[in-house]
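What follows is a single structure, and I will ask about it in a moment.
Please read these numbers as outputs of a predicted model, since none were measured by experiment. For this chain, numbers begin at 1 and follow the sequence in order.
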Amino acid sequence: MKRILTGIFIAAILTSGTLFVTAQTFGDKTGLDSIFADGKGLRGQLAQRILNIAADRLDLTDEQRAEIRLILEEAAPRVAALLVQAKAVHEQLKPLGRDGVYNQTQVQQLAALQATNARLLIIEKEKIKADIFGVLTEKQRSAASEMQEQFEDQIRQRISSRIGMKF
């Protein structure tokens, strides 16, 4: 169970940024509570638990926790804005075609906007990842990379078992 939660942490930090925007404070031990102040619900609780586990497993110092908190706090508004834009485009796409008419021009325009949002989110994710890994020691980087690989393996296994294909 602990491996699964640790893996989820790494994925959350390194692949989405979504949890940082939508999370809430929940029994914070990491010192990263201010990032989650505006978040709500189960997603925020899960993000906080994951951060707690990973911070403990990586044996982060108070200084490292403070640096990572600053990285995430600085990235949160940028990620939030991109997620709001992505949701707005998604909402515009939902009703298209329900009248039985395919509007290729409109779909292409919205798809291009969504592609731009995805590109910018990937850029933010990679910047956050590099900044966080820059705070870690070599030993912690190795452990974080291992946790990420374990998580990705678990995701592949779950997808494979559900759809019957190997990735």
For Thr137 and Leu58, run side chain to side chain contact (heavy atoms under 4.5 Å, CB included): C-alpha distance rounded to whole Å, both residues' side-chain angles, the deciding distance at 0.1 Å, then the answer.
-> CA-CA 10 Å; Thr137 65; Leu58 294 175; over 6 Å; no
Would you say Leu83 and Leu93 are hydrophobically clustered, going by side-chain heavy atoms of ILVMFWY under 4.5 Å?
->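 No; Leu93 is not reachable from Leu83 via cluster members.
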Nonpolar side-chain network containing Val101, other nodes, edges under 4.5 Å |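 Cluster partners of Val101: none, it stands alone.
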Is any side-chain heavy atom of Gln109 less than 4.5 Å from a side-chain heavy atom of Thr105?
->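 In contact.
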What distance do Phe133 atom CZ and Ile128 atom CD1 have between them, rounded to the nearest 0.5 Å?
->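 Phe133 atom CZ to Ile128 atom CD1 measures 13.0 Å (nearest 0.5 Å).
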Considering all heavy atoms, the nearest Gln64-Leu60 contact |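 Looking at all heavy atoms of both residues, the closest pair is OE1-CA, 3.2 Å.
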Is the count of non-hydrogen atoms from other residues, nucleotides or ligands lying under 6.0 Å from Glu91 atom CD greater than 12?
->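 For Glu91, atom CD is crowded (more than 12 foreign heavy atoms under 6.0 Å).
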Any side-chain heavy-atom pair from Arg119 and Ile122 closer than 4.5 angstrom?
->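 No, their side chains stay 4.5 Å or more apart.
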Near Asp62 CG, under 6.0 Å, is it more than 12 heavy atoms from other residues, nucleotides or ligands?
->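 No, because the 6.0 Å sphere around CG of Asp62 holds 12 heavy atoms or fewer from other groups.
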Lys/Arg N to Asp/Glu carboxylate O, Arg141 vs Glu138, below 4.0 Å =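 Glu138 and Arg141: salt-bridged.
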Under the side chain to side chain contact (heavy atoms under 4.5 Å, CB included) criterion, do Leu110 and Leu113 qualify, and how do the steps go?
-> CA-CA 5 Å; Leu110 293 172; Leu113 285 173; 4.2 Å; yes
What distance do Ile163 atom CD1 and Arg158 atom CZ have between them, rounded to the nearest 0.5 Å?
->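 That separation rounds to 14.5 Å.
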Run the side chain to side chain contact (heavy atoms under 4.5 Å, CB included) check on Leu82 and Val79 step by step: do they pass?
-> CA-CA 5 Å; Leu82 291 170; Val79 171; 5.7 Å; no
If we ignore angles and hydrogens, is there a donor and acceptor under 3.5 Å between the side chains of Gln150 and Gln154?
->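 Absent: no donor and acceptor within the cut-off.
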Nearest 0.5 Å please: distance from the CD atom of Gln108 over to the CD atom of Gln104.
->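 One gets 4.5 Å once the value is rounded to the nearest 0.5 Å.
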How long is the gap from OG on Ser142 to CD on Gln140, to the nearest 0.5 Å?
->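 Between Ser142 OG and Gln140 CD, I get 10.5 Å after rounding to 0.5 Å.
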